Amino acid sequence: MSDNKSDRLKARLARGFGDRGPAELAATRQMVETIRQTYELWGFEALETPFIEYTDALGKFLPDLDRPNEGVFSFQDDDEQWLSLRYDLTAPLARYVAENWDRVPKPFRSYRFGPVFRNEKPGPGRFRQFLQFDADTVGSGSVMADAEMCMMAADTLEALGIPRGSYAIKVNNRKVLDGVMEAIGLGGDEGAGRRLTVLRAIDKLDKFPVEEIAKLLGKGRLDESGDFTKGADLDLASIDRVIKFTGWLDHGVGSSNTTLVNFEAAVGNSELGLEGVRELAEIAAIVESSGYADRIRIDPSVVRGLEYYTGPVYEAELTFEVKDEDGKPIRFGSVGGGGRYDGLVARFRGEPAPATGFSIGVSRLQAALQALGKGAAEPAGPVVVLVMDKERTGDYLALARSLREAGIPAEIYLGSSGMNAQMKYADRRRSPVAVIQGSNEKEAGEVTVKDLVLGKEMSKKIEDRAAWTEARAGQVTVPEAKLVETVREMLARY
RNA sequence: GCAGCUAUAGCUCAGUUGGUUAGAGCACCAGAUUGUGGAUCUGGGGGUCCCCCGUUCGAGCCGGGGUAGCUGUACCA
């Protein structure tokens, strides 16, 4: 092994992945628990599927090539079959339900949580591994199931401490979007490419002003870096129809009722489109009668992933604004979404299997909660028992054990440094309490218990070393038998 | 992917018209302090100036290419 600096191995995190410390993990644990409770209150049951699936089960082979889509992390097994890391929790659920169709009750209501992986360009707040928490109902084609997802999403956000008014659940319907496409002559296979362009333009309604959207629908748009995005090349009448459909002409999105009127006009006499509008009207009615109308609204800007959704689609958006360290506003935008995917389970089976689901982006939502000041604090460390005399390690272990038996996390110092360094160590661990038993205490059958939190407070008022040392801030010496009691009292202070 | 900007210590950055041994603050480690965290003082470790090629007597600085990051845009099943 050479110690030449130039060929020393460099410790480095893989691009687009992140380590997570105790504070972040504690926050996640708390969030996940809250979401789980809410989902169970709504009658969903737990299910876990593996991180890896056969690529064909995820439906991610490129259509013309014998290899998986680049966006998924994939590799070949020793029998040459392609395996992939899951990129969402919906496709694996579809596989599970199809495989266990005869065993599960229908409709099947389940939830799951875990990391998903996407091989995409990472950016700030955008990782190649992140956490999702999903709930799905498989085997119900009723709009009740869709409405329920939206209402449960609202309940979940509130349970997480996001106040009403700081978020919105927005609902649209792929059938309506398809209907509008038909109405502007972009139905059928030959319109597919431009149809995508139009849908993407609509998807950007909350990002750009209407004039920019109009450019994307027409010839194209030049962005501020000088890059040109080609447009859908629609004629003026069609652009007008799409803009009217969105209802964004002068004051953004209006009430659900107004939006539904716009929708009905925009789909013209497209049968599919009208069906979509009817479904949305039903959802709006359910939401209204359940008392959720102030949180859930029909919104034309929701388009969602353009592939497997077949009916209602929804998105949960945070509407409050937070400033970062530089005073620039951060937009959190969408923290969850979902929709109806009637074809996904059916791929594995001959018969139809309607399904709808909602997915929470746990990582992104956690960042938002952090900014709201609702993130978990750095958790406290264990009580540290200092090792004053290496010959007496057994005694220190016994002290630590008595604390553990009382349910108090405790450890003995395992390094080789002196007392000063051990105190520093305890400080770094964020230990609330240190336990000291040198020869003085031992002889008297006593133990010194030091409140590190209180000590830290006191240190702010003390300037010079001698006074600080003399003060022995926040510590008491008690008989050994009172160790647990004393520590417990100190811990109870915070 | 496309476009613009950037790259010097673990972090934030300075570095003159191209000129000896590349600096600061913070952080880290040690001592002052044989049994007490913080503050203070003293000392210490830490650099392929992103990589390669070129211009030059001489490059952290100039030119070309590459890589990575940031911002916008596209994509996001």
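Here the structure is a predicted model, which means the values were calculated and not measured. So that the names make sense, note that chain A is the first sequence line, chain B the second, and so on, each numbered from 1.
- For A:Lys204 and B:C75, the shortest distance from a side-chain N or O to OP1 or OP2 is below 4.0 Å.
- Using a 4.0 Å heavy-atom cutoff across all strands shown, A:Arg428 reaches sugar-phosphate atoms only and no base atom.
- Within the structure, no pair that satisfies the ring-ring contact (aromatic ring centres under 6.0 Å, His included) test touches residues 474-494 of chain A, not counting sequence neighbours.
- Annotation: salt bridge (Lys or Arg N to Asp or Glu O under 4.0 Å) contacts involving residues 471-494 of chain A, sequence neighbours excluded, comprise A:Asp451-A:Arg493.
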| remark: Whether each nucleotide of nucleotides 33-41 of chain B has a protein heavy atom under 4.0 Å at its base (B), only at its sugar-phosphate (S) or at neither (-) is summarised, 5' to 3', as B-BBBBB--
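- One finds the CG atom of A:Leu386 at 5.0 Å from the CD1 atom of A:Ile436 (value rounded to the nearest 0.5 Å).
- Distance, A:Leu58 CG to B:C76 C1': 16 Å, rounded to whole Å.
- Across the protein-nucleic acid pair, A:Phe73 atom CZ and B:A77 atom C1' stand 15 Å apart, rounded to whole Å.
- Counting to the nearest Å, the P atom of B:A74 and the CG atom of A:Leu199 are 14 Å from each other.
- Counting only residues at least two apart or in different chains, ring-ring contact (aromatic ring centres under 6.0 Å, His included) contacts with residues 413-449 of chain A comprise A:Tyr413-A:Tyr425.
- Atom C1' of B:U42 sits at a distance of 49 Å from the matching atom of B:G4, rounded to the whole Å.
- Every residue two or more places apart in sequence or in another chain was checked for a salt bridge (Lys or Arg N to Asp or Glu O under 4.0 Å) with A:Lys450, and none qualifies.
- Here the P atom of nucleotide B:C75 and the CZ atom of A:Arg304 are 15 Å apart, to the nearest Å.
- Rounded to whole Å, the distance from CZ on A:Arg364 to P on B:C76 is 15 Å.
- B:G45 and B:G38 have their P atoms separated by 22 Å, given to the nearest Å.
- Computed from coordinates, the A:Glu53 CD to B:A77 P distance equals 18 Å when rounded to whole Å.
- To the nearest whole angstrom, the two C1' atoms, one in B:A3 and one in B:G10, are 33 Å apart.
- In this structure A:Glu24 satisfies the salt bridge (Lys or Arg N to Asp or Glu O under 4.0 Å) test together with A:Arg20, sequence neighbours excluded.
- Here A:Lys460 pairs with A:Glu457 under the salt bridge (Lys or Arg N to Asp or Glu O under 4.0 Å) rule; sequence neighbours left out.
- For B:C76, the base has a donor-acceptor partner in the side chain of A:Arg126 [N/O atoms by modelled type, under 3.5 angstrom].
- The stretch residues 125-134 of chain A participates, sequence neighbours left out, in these salt bridge (Lys or Arg N to Asp or Glu O under 4.0 Å) pairs: A:Glu120-A:Arg126.
- Between A:Phe117 and A:Phe51, the ring planes lie tilted relative to each other; the angle falls in the 30° to 60° range.
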| Structure string for RNA chain B in dot-bracket form, Watson-Crick and G-U at under 3.5 Å, | interchain | (((((((..((((.....[...)))).(((((.......))))).....(((((..]....))))))))))))....
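- With rounding to the nearest 0.5 Å, the separation of OH in A:Tyr87 from OG1 in A:Thr90 is 8.0 Å.
- Nucleotides B:A39 and B:C28 have their P atoms positioned 9 Å apart, rounded to a whole Å.
- With both ends at atom C1', the span from B:A68 to B:A14 equals 23 Å, rounded to whole Å.
- Between B:G15 and B:G25, the distance separating the two C1' atoms is 15 Å to the nearest Å.
- Contact annotation: A:Lys207 side-chain N/O to B:U73 OP1/OP2 distance is under 4.0 Å.
- Under the rule for a ring pair (Phe, Tyr, Trp, His ring centres under 6.0 Å), A:Tyr314 has no partner lying at least two apart in sequence or in another chain.
- Between the CG atom of A:Asn119 and the P atom of B:C75 there is a distance of 18 Å, rounded to whole Å.
- As a whole-Å value, the separation of A:Tyr309 OH from B:C76 P is 13 Å.
- Applying the salt bridge (Lys or Arg N to Asp or Glu O under 4.0 Å) test to residues at least two apart or on different chains, none of the pairs has a partner in residues 81-93 of chain A.
- On the C1' atoms, B:U56 is 34 Å away from B:U12, given to the nearest whole Å.
- Using a 4.0 Å heavy-atom cutoff across all strands shown, A:Arg86 reaches no nucleic acid atom at all.
- Sorted by residue number, the list of members of residues 337-346 of chain A with any non-hydrogen atom under 4.0 Å from RNA chain B is empty.
- Distance check on atom C1': B:C49 versus B:G23 gives 12 Å, rounded to whole Å.
- With rounding to the nearest 0.5 Å, the separation of CG in A:Asn172 from CD in A:Glu315 is 10.0 Å.
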